[in-house]
K.L.:
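I am attaching a structure below and will ask some questions about it afterwards.
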Amino acid sequence: MDKKPSYLNTHFVDIHEVLPEEEEGSSNGRMPNKGVEKEKHLNRPIKVREMKRNHRGFSRQVSLETGFSVLNRESKAKDERKALPRSGRSFGGFDSANRLGMDGRKEDHFSLFKTKSTLSKQNSLLPQRKEREMESQRTEGSVGHDESVNKSVPAGRYFAALRGPELDEVKDSEDILLPKDEKWPFLLRFPIGCFGICLGLSSQAVLWRNLATSPATKFLHISPLINLGLWLLALAVLISVSFTYILKCIFYFEAVKREYFHPVRVNFFFAPWVVCMFLAIGVPSMLSPKSLHPALWCTFMGPYFLLELKIYGQWLSGGKRRLCKVANPSSHLSVVGNFVGAILASKVGWKEPAKFLWAVGFAHYLVVFVTLYQRLPTSEALPKELHPVYSMFIAAPSAASIAWETIYGEFDGCSRTCYFIALFLYVSLVVRINFFTGFRFSVAWWSYTFPMTTASVATIKYAEHVPSFFTKGLALTLSFMSSAMVCVLFVSTLLHAFVWHTLFPNDLAIAITKRRLVKEKKPFKRAYDIKRWTKTALTKHNSVNKDFEEEKQEGY
């Protein structure tokens, strides 16, 4: 038979890749025969051709799944244009249900958020080298999951990828890093917002202590045992929630970092210290000493103040996390702690630190209030519909009113000004009660109960200095509404936790990608459009030359 031309051999190599079987045959220790030597001699230039082929920019490759020959840029554009199912499986074949590791076990995709997820641990989950090369051809152009997890997500990315008052719902056009159709580990589903339960219960302990000891409500003859029971319940819940979240910090620290960079949830990192100060203020009289030790205030206020310097510094210095970009109603949590700390400092006998905290808190409250109240058209931090999150507006002025009265010992003009601002905001929200329906329950709702409780305590203080039938009735009404709301949420929490088992769904907010993988505009053209580009360019060039020739002839 005649020898084939060289160009046919080249074409054969480009379409059908030659697997490295030669190395296997040479490594078995046997001498190859003459036929094998002849075949190796004939294939020797082919091997050089294969090595050079990888350096070409527009080499033709055979797709391992479809068998169609495509360009690298075309496969990249195709991967970016396809719809993402938000299942966490669109990241380069990262299929949690089907992919197996080298030892035959399923890959632990939740290890992305585990603490100390080093590069060696991630490499141990990867397939063999040959399989990895095959995967790279299929997933070229996609964003790596390790890059999306281990680096901080910009604040604007949360607003772009999430929706809802708490920014906990993923938009339909976004994908997530973890599978949505599987139930995640409990610690990954345990959010920082659970400290809102502690806020609601500890503030209720303060409320019932005031109801039992205040002269304005002394005619009710409320037993101090209610305050004792609520205080013990709040303490038990705080210990259990803190212990669980500490475990999350130990085992899933990457998820905790995601919550810290979240524009809404970062404010809940102030909550544990505010709860501790609430418990110190509302400690039952049968358990409390004559005066609280100042070390108690330093223990609770120290971490809060350090975190406050970090957050306020970001608001002031600008950047991607400046206040106009990340402001939301839960930002009041980072302000309320100043007034609660001022109340506790006054009770331990440190009046000057109390005044300092009150001044800092009031200055930042004005800034947050104005930023949220004007609602810039370019800001997407606030949802269009009303929500219980708006009750956070009444927390800061109510706490400021109580703090001023505790520091100076009288409910004077400044204290009443703050109280009247809180009362007006409270009424403006209550009259729109129909807008607060139609929202699904979540543990974040608990954090919206303590503003109502704080307003009730401020009303009791106002009724002490301005005793009348109206002020006492208003204090009882607000106290009843606050306690009723806490009871409803407490029963709902128990039902969702132990009956329906829906209290902690998958926390999709922490599993968003650093960059959006689906782009509205096509970043690349198809490979076969190259001919169309060339034809269009030639047509335009010919038309320009033709026009020039016509003008030239007319000129003559």
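In this text, all values refer to a predicted model and were calculated from it rather than measured experimentally.
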K.L.:
Any side-chain donor paired with an acceptor under 3.5 Å for Ser334 and Glu308?
P.N.:
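Glu308 and Ser334 do not have a side-chain donor-acceptor pair below 3.5 Å.
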K.L.:
Ser330 and side-chain contact (heavy atoms from CB on, under 4.5 Å): which partner among Val266, Leu167, Val264?
P.N.:
Val264
K.L.:
Please identify which of these residues, Tyr304, Trp350, Trp273, Phe305, meets the ring-ring contact (aromatic ring centres under 6.0 Å, His included) condition with Trp297.
P.N.:
Trp350
K.L.:
Going by atom types only, do Thr406 and Lys347 share a side-chain donor-acceptor pair under 3.5 Å?
P.N.:
no
K.L.:
Do you see a donor-acceptor pair shorter than 3.5 Å between the side chains of Asn506 and Glu182?
P.N.:
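Side-chain D/A pair, Asn506 to Glu182: absent.
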K.L.:
So for atom CZ, which belongs to Phe420, do other residues, nucleotides or ligands contribute more than 12 heavy atoms lying within a distance under 6.0 Å?
P.N.:
yes
K.L.:
For Arg258, is there any backbone N or O sitting under 3.5 Å from a side-chain donor or acceptor partner on His262?
P.N.:
no
K.L.:
Ignoring hydrogens and angles, state whether a donor on the side chain of Tyr462 or Ser401 is under 3.5 Å from an acceptor on the partner side chain.
P.N.:
no
K.L.:
Is it true that Trp315 and Ser331 share a donor-acceptor pair across their side chains at a distance under 3.5 Å?
P.N.:
no
K.L.:
Looking at Phe441, Phe190, Trp184, which one forms a ring-ring contact (aromatic ring centres under 6.0 Å, His included) with Phe504?
P.N.:
Phe190
K.L.:
Under the rule for ring pair (Phe, Tyr, Trp, His ring centres under 6.0 Å), what residues qualify as partners of Tyr260, not counting sequence neighbours?
P.N.:
Phe269
K.L.:
Can a salt bridge be assigned to the pair Lys355 and Glu352 using a cut-off of 4.0 Å between side-chain N and carboxylate O?
P.N.:
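Salt bridge: yes.
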K.L.:
Compute whether any side-chain donor of one residue and acceptor of the other, for Glu254 and Thr115, lie under 3.5 angstrom apart.
P.N.:
no
